[in-house]
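To start, the structure under review is shown below, and the notes come after it.
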2 protein chains.
Amino acid sequence: MQLDEAKEKFIQAWGTLGSNWGINRTMAQVHALLLASANSLSAEDIMAALRISRGNTNMNVRALIDWGLVYKEIRSGERKEYFSAEKDIWHVFKQIAKERRKRELEPIFRVLNDLRHVEGDADNQELKAFTETLRGIHTFASKADNTLDRLIRADESWFSNAFLKLMK
Amino acid sequence: MQLDEAKEKFIQAWGTLGSNWGINRTMAQVHALLLASANSLSAEDIMAALRISRGNTNMNVRALIDWGLVYKEIRSGERKEYFSAEKDIWHVFKQIAKERRKRELEPIFRVLNDLRHVEGDADNQELKAFTETLRGIHTFASKADNTLDRLIRADESWFSNAFLKLMK
DNA sequence: CTGAATTTTCAAATAAAATTGAAAGTAATC
DNA sequence: GATTACTTTCAATTTTATTTGAAAATTCAG
């Protein structure tokens, strides 16, 4: 397979992966394009490579910068901005985990926790079932969130070590 | 807060959570409704509670059964089917992880692995950058996939233990 | 300052995903 | 084997999400 074909397939696959997990497909594709490029790219480069509009390019590049996955580069003597992706995949993963936790998990878990104090008759079966479900979610979410937090702060050797530990 | 209001908010929150992570919002809401119910519910009950059509109800209940998150119940003497959710949250989590791995991770990682054999000049910088990115993804994905696999097979005490181990 | 290069915004258009509902299918009962 | 009580399917519709592109804003160089 030739490089161009492989890159194209990589971009498609990464886009599908993102899309399946609630990330805008184009955002994931821009990310893939930058991950697969040796050099930083301008908005024009991205527009041409993915055949998308300037507005779309701008929005998604900004989002990737907000997510801490893409960096802006200013080349001296040039006015145009160039963009490059963070290439350390462990760092990329942590960054995504961190942002998604902040944006999509924390707010929901805050709501779920508030719901645990429902007033009502102690031997109402419906109420019991509901609070029991919320309790289960809370117990699980606390452990998971704590583990995730540790993961986000850890370096790769921690992950490898943890991985090995858990293997036994 | 009254039970009905709390249930409603729970259903909304669970729907938003699913939607953010690439799961059909209604499917997540049906799941929430069943998670919050003491007794199994019929299609009519679900239609009424969520104000959705019969077709929609049927599709999403079937999907939840496919995912192993909801069980069908036949009450003797009744023709109607009733549905109840798996309430053990640790089991629910493992089941979701298992299904998503199978449906959305494995196929993509198979594609990405194929892309690692790209032909071309060994000192082409673009080629080097591309293969290096794929190598990084592969290394990470292998570890993550293995950990996930172990998680899926584990029981809750394993998770709690692992959690404690990783805390130190 | 002024103007050219570039980026950003966002209302309107388009595309994608989800939903409806009625017709077709299935299965239990008499 | 016909009737009834459901469940399933899927083309058409509706809703939601994404994308476009042109106008406005910004930034830099002279």
Side-chain angles (χ1 to χ4, degrees), chain A residues 11-34 40-67 70-84 100 103-104, chain B residues 11-34 40-67 70-84 100 103-104:
Chain A
I11 291 166
Q12 292 310 318
W14 205 247
T16 299
L17 180 63
S19 182
N20 279 333
W21 288 79
I23 302 293
N24 179 303
R25 169 175 248 110
T26 302
M27 174 169 155
Q29 289 181 335
V30 173
H31 188 217
L33 175 65
L34 293 172
S40 55
L41 302 180
S42 68
E44 278 74 16
D45 295 334
I46 296 167
M47 288 165 69
L50 302 180
R51 274 152 304 163
I52 59 176
S53 73
R54 183 175 298 283
N56 200 3
T57 302
N58 184 264
M59 301 269 252
N60 284 300
V61 167
R62 291 305 132 192
L64 285 162
I65 291 173
D66 278 354
W67 279 65
V70 162
Y71 308 119
K72 191 197 300 199
E73 181 190 315
I74 308 289
R75 295 189 189 165
S76 61
E78 278 200 73
R79 221 140 149 184
K80 219 181 282 193
E81 295 174 339
Y82 288 80
F83 307 99
S84 63
R100 297 204 80 163
R103 296 163 190 240
E104 298 150 8
Chain B
I11 291 167
Q12 292 310 317
W14 206 248
T16 299
L17 180 63
S19 183
N20 279 334
W21 289 80
I23 301 293
N24 180 304
R25 170 176 246 109
T26 302
M27 174 168 156
Q29 289 181 335
V30 173
H31 188 217
L33 175 65
L34 292 172
S40 54
L41 302 179
S42 68
E44 278 75 16
D45 295 335
I46 297 168
M47 289 165 66
L50 303 180
R51 274 151 304 162
I52 59 177
S53 72
R54 182 175 299 283
N56 200 4
T57 302
N58 184 265
M59 302 270 251
N60 284 300
V61 167
R62 293 304 132 193
L64 285 163
I65 291 173
D66 279 354
W67 279 65
V70 163
Y71 309 118
K72 191 196 300 199
E73 180 189 314
I74 307 291
R75 296 189 188 165
S76 61
E78 279 201 70
R79 268 201 208 186
K80 220 181 280 189
E81 294 174 342
Y82 288 81
F83 307 100
S84 63
R100 297 204 80 162
R103 296 164 191 238
E104 297 150 8

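Computed from a predicted model, the values in this text were never measured in an experiment. In what follows, every heavy atom counts, from backbone to side chain, and hydrogens, waters and symmetry copies are set aside. Naming: A, B, ... by sequence-line order, numbering from 1 per chain.
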Looking at [N], I'd like to know if its phosphate oxygens (OP1 or OP2) sit under 4.0 Å from a side-chain N or O belonging to [X].
{"X": "A/T26", "N": "D/dT18", "value": "no"}
{"X": "B/N24", "N": "C/dT19", "value": "yes"}
{"X": "B/R62", "N": "D/dT8", "value": "yes"}
{"X": "A/N56", "N": "D/dT20", "value": "yes"}

Measure [atom1]/[X] against [atom2]/[N] and give the value in whole Å, please.
{"X": "A/W21", "N": "D/dA17", "atom1": "CH2", "atom2": "P", "result": "19 Å"}
{"X": "B/R75", "N": "D/dA5", "atom1": "CZ", "atom2": "P", "result": "18 Å"}
{"X": "B/N60", "N": "D/dT7", "atom1": "CG", "atom2": "P", "result": "15 Å"}
{"X": "A/E73", "N": "C/dT7", "atom1": "CD", "atom2": "P", "result": "13 Å"}
{"X": "A/D66", "N": "C/dT8", "atom1": "CG", "atom2": "P", "result": "11 Å"}
{"X": "A/Y82", "N": "C/dT7", "atom1": "OH", "atom2": "C1'", "result": "14 Å"}
{"X": "A/R25", "N": "C/dA16", "atom1": "CZ", "atom2": "C1'", "result": "10 Å"}
{"X": "A/K80", "N": "D/dT26", "atom1": "NZ", "atom2": "C1'", "result": "17 Å"}

Carboxylate-amine/guanidinium proximity below 4.0 Å for A/E81 and A/R75 =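 So A/E81 does not pair with A/R75 through a salt bridge.
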
Note, A/F83 side chain near A/E73 side chain (heavy atom, < 4.5 Å) =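 A side-chain contact under 4.5 Å is absent here.
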
message = I want to check something: taking the side chain as every heavy atom from C-beta on, are B/V30 and B/R25 in contact at a cut-off of under 4.5 Å?
response = no

task = Between A/T57 and B/E78, name the one whose nearest nucleotide on DNA chain D is closer to the 5' end.
result = B/E78

task = Tell me which of A/I23 and A/G55 sits closer to the 5' end of DNA chain D, going by the nucleotide each one is nearest to.
result =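 Result: A/I23.
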
key: Listed nucleotide nearest any side-chain atom of A/R79, set C/dT20, D/dC28, C/dT7   =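 Side chain of A/R79 sits closest to D/dC28.
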
query = Which one, C/dT7, D/dT19, C/dT19, comes nearest to the side chain of A/S53?
reply =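 It is D/dT19.
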
ask   = Relative to the 5' end of DNA chain C, which residue comes earlier, B/M27 or A/F83, by the nucleotide with the nearest heavy atom?
value =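 On the 5' side of the pair lies A/F83.
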
remark   = On a heavy-atom basis, the closest approach of A/M27 and A/A63 is SD-CB, 3.8 Å

ask   = Say you draw a straight line from CG of A/N60 to CD1 of A/I65; how long is it, rounded to the nearest 0.5 Å?
value = 11.0 Å

ask   = At under 4.0 Å between heavy atoms, what does A/R54 touch on the DNA or RNA strands: base, sugar-phosphate, or nothing?
value =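 Touches a base.
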
